[in-house]
Amino acid sequence: MKKALKWFDPVKTAWGGVVTHKLRSFLTMLGIVIGVGAVITLMSVGKGSTAEILSNIQNMGANLMTIRGGATFSSGGVRGAMGGSNTLTMEDATAIQDQVANVAAVAPSSSSNLQLVAGSENANSQVTGVTSSYLVVNNLAVAGGSFFTDAEYQRGAKVAVLGAGVATTLYPDTSPIGQKLRMGNLIVTVIGVLESKEGTMSSYDDSVLIPLTTLHQAVAETKTTQGETTVSSISLTVTDESKTDQVKTDITTLLRSRHRLLASANDDFSITSMSDIVATLSETSSTMTLLLGAIAGISLLVGGIGVMNIMLVSVLERTREIGIRKALGARQRDIWSQFLIEAALLTLAGGIIGIIGGWGTSWILNQTGVVTTLVTSDIVVLAVSVSVAIGLFFGFYPAWNASRLNPIEALRSE
């Protein structure tokens, strides 16, 4: 028990030094408070933005994979493979569905920008021809009306499902369900409206979906020289997210074989999975978060310099006290630990106040809706650890300097 109390003595002495000079201690802590608060606020903004982006991607479908037509480029910038963008066909989509394992559903599609006219309203929008499985593959839902059926798809029915944004633009004062809509030279009947995806990375709110067979009837040049029907992209879902890489490899092998590409030729298509997008965005966002933390960390560094400056002044003011303590038998490590603990207490207290301030600022920013913030335990631990480490680092020299004072010279000081 006595031994424990003996170890507590330097802490009690250091605390006495802190509370004796309240204003100076507060001003010393202020730099640490601002630094820690800035670190937590800026890093929470980075974390929150990352979480929001990843959440939007997950809402689009974690198992989603998209194949787009078009030749890829070699590292030298030379176009490889077949060239052109219409390299995918309906037959490719069928082959993927039938021959590639771990594929749940496949949805080929083609798009064309057309002028939309509904009464006195008009807009330019992307019209996408899709199959009846498009909703399931892309994790979409109909808010009103219905989606077209397989029978309507097969006969190329002139029907359309509008994105929420297009529906509001073209039919601001009435329900679009059952209304006629002219798109280019094609007149269709609106049978449904998609649920809004506002706030996500998708553009479904500004799109118009019609049966792919209907689009192929309306748009010329949709056949290859072999008589196959071209599509601009093929979306698919994987039964198990862990099988994504294997599915990508199998699709690449299948399409290269179907497109009769030489071994030396580049792919005439590209495959993107949500896991690829998530990995890229996570890496980029992590880098940005660390950059924001590093910028805020500069204020912590400045606060640490302030701690060292004040501690050096404190040693100078208390030279006679140090001399008396040494004359009474205090060892160098006693003096050294007192000032070092005092610096650590200042930065620890500043860190705790900074956490409260940074957390509060992050909460306010989140409530305003301007940015999304996310305070995690690792940010808090990092900020406090760095603040205490700065106190120990910048407090070391003043503490070491105090411990080496000659007691006789210290007692002579005024």
Side-chain angles (χ1 to χ4, degrees), residues 57-74 79-111 128-141 147-150 153-154 201-202 204 209 211-213 215-216 222-281:
I57 292 175
Q58 292 297 323
N59 288 336
M60 293 171 64
N63 296 347
L64 181 65
M65 186 179 293
T66 303
I67 311 167
R68 300 190 184 281
T72 56
F73 289 86
S74 66
R79 183 176 287 276
M82 294 171 60
S85 59
N86 296 324
T87 59
L88 297 176
T89 65
M90 288 291 294
E91 289 72 17
D92 288 334
T94 301
I96 291 171
Q97 179 75 77
D98 295 341
Q99 301 178 36
V100 178
N102 301 306
V103 172
V106 177
S109 62
S110 286
S111 298
T128 305
V130 301
T131 63
S132 54
S133 59
Y134 189 82
L135 283 186
V136 175
V137 171
N138 290 276
N139 196 29
L140 299 174
F147 203 69
F148 56 81
T149 63
D150 286 333
Y153 171 79
Q154 293 297 334
M201 298 173 63
S202 66
Y204 297 117
L209 305 182
L212 183 56
T213 48
L215 184 69
H216 283 160
T222 61
K223 298 288 186 180
T224 66
T225 54
Q226 290 77 29
E228 296 182 343
T229 306
T230 62
V231 295
S232 58
S233 66
I234 301 172
S235 301
L236 60 95
T237 52
V238 183
T239 56
D240 185 350
E241 194 174 350
S242 64
K243 304 289 186 182
T244 299
D245 290 338
Q246 183 60 51
V247 170
K248 184 184 295 187
T249 300
D250 293 343
I251 291 175
T252 300
T253 302
L254 175 63
L255 292 183
R256 286 185 65 86
S257 175
R258 285 184 53 79
H259 297 181
R260 299 177 183 177
L261 299 178
L262 298 176
S264 58
N266 292 329
D267 297 336
D268 63 347
F269 55 89
S270 61
I271 305 176
T272 305
S273 66
M274 282 301 166
S275 58
D276 294 333
I277 297 174
V278 168
T280 301
L281 286 176

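Residues take their numbers from the sequence shown, with the count starting at 1.
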**Prompt:** Do you know which two heavy atoms are closest between S232 and S111, and how far apart they sit?
**Reply:** OG-N, 3.6 Å

**Prompt:** Considering residues at least two apart in sequence or located in another chain, which fulfil the side-chain hydrogen bond (donor to acceptor under 3.5 Å, both in side chains) criterion with S273?
**Reply:** S275, D276

**Asked** Hey, what do you get for CD1 (I271) to CZ (R68), rounding to the nearest 0.5 Å?
**Response** 12.5 Å

**Asked** Does a donor on one side chain and an acceptor on the other come within less than 3.5 Å for T272 and T66?
**Response** no

**Request:** For side-chain contact (heavy atoms from CB on, under 4.5 Å), just list the numbers for T131 and V106, CA-CA rounded to whole Å, side-chain angles, deciding distance to a tenth of an Å, and then say yes or no.
**Result:** CA-CA 9 Å; T131 63; V106 177; over 6 Å; no

**Request:** List the atom of G129, the atom of L212, and the distance in Å for their closest heavy-atom pair.
**Result:** O-CD1, 3.4 Å

**Request:** For the pair D92 and I67, evaluate side-chain contact (heavy atoms from CB on, under 4.5 Å) and give the outcome as yes or no after the intermediate values.
**Result:** CA-CA 11 Å; D92 288 334; I67 311 167; over 6 Å; no

**Distance (rounded to the nearest 0.5 Å) between N102 CG and T237 OG1** = 11.0 Å

**Message:** In terms of relative ring orientation, are Y153 and F148 parallel, tilted or perpendicular, with 30° and 60° separating the classes?
**Reply:** parallel

**Approximate separation, where rounding is to 0.5 Å, of L261 CG and F269 CZ** = 7.0 Å

**Prompt:** Any sub-3.5 Å donor-acceptor pair from N138's side-chain atoms to L140's backbone N or O?
**Reply:** no

**Request:** Could you tell me whether the side chain of L255 reaches within less than 4.5 Å of the side chain of L88, counting heavy atoms only?
**Result:** yes

**Request:** Would you check if the side chain of S133 reaches a backbone N or O of A105 as a donor-acceptor pair within less than 3.5 Å?
**Result:** no

**Request:** Using only heavy-atom distances, determine whether the side chains of Q154 and D150 contain a donor-acceptor pair under 3.5 Å.
**Result:** no

**Prompt:** What are the two closest heavy atoms between N266 and R256, and how far apart are they?
**Reply:** C-NH1, 3.6 Å

**Nearest non-hydrogen partners of V103 and Q97, listed with the distance** = O-NE2, 3.9 Å

**Item:** Nearest-0.5 Å distance, CD1 of residue I96 to CZ of residue R258
**Value:** 8.5 Å

**Asked** Ignoring hydrogens and geometry, is there a side-chain-to-backbone donor-acceptor pair from H216 to T229 under 3.5 Å?
**Response** no

**T253 side, atom OG1; K248 side, atom NZ - distance, nearest 0.5 Å** = 13.0 Å

**Request:** Mind running side-chain contact (heavy atoms from CB on, under 4.5 Å) on T252 and D267 for me, showing each step along the way?
**Result:** CA-CA 8 Å; T252 300; D267 297 336; 4.0 Å; yes

**Request:** List the atom of T128, the atom of S109, and the distance in Å for their closest heavy-atom pair.
**Result:** CG2-CB, 3.9 Å

**Request:** Give the intermediate values and the outcome of side-chain contact (heavy atoms from CB on, under 4.5 Å) for residues V137 and L64.
**Result:** CA-CA 7 Å; V137 171; L64 181 65; 3.7 Å; yes

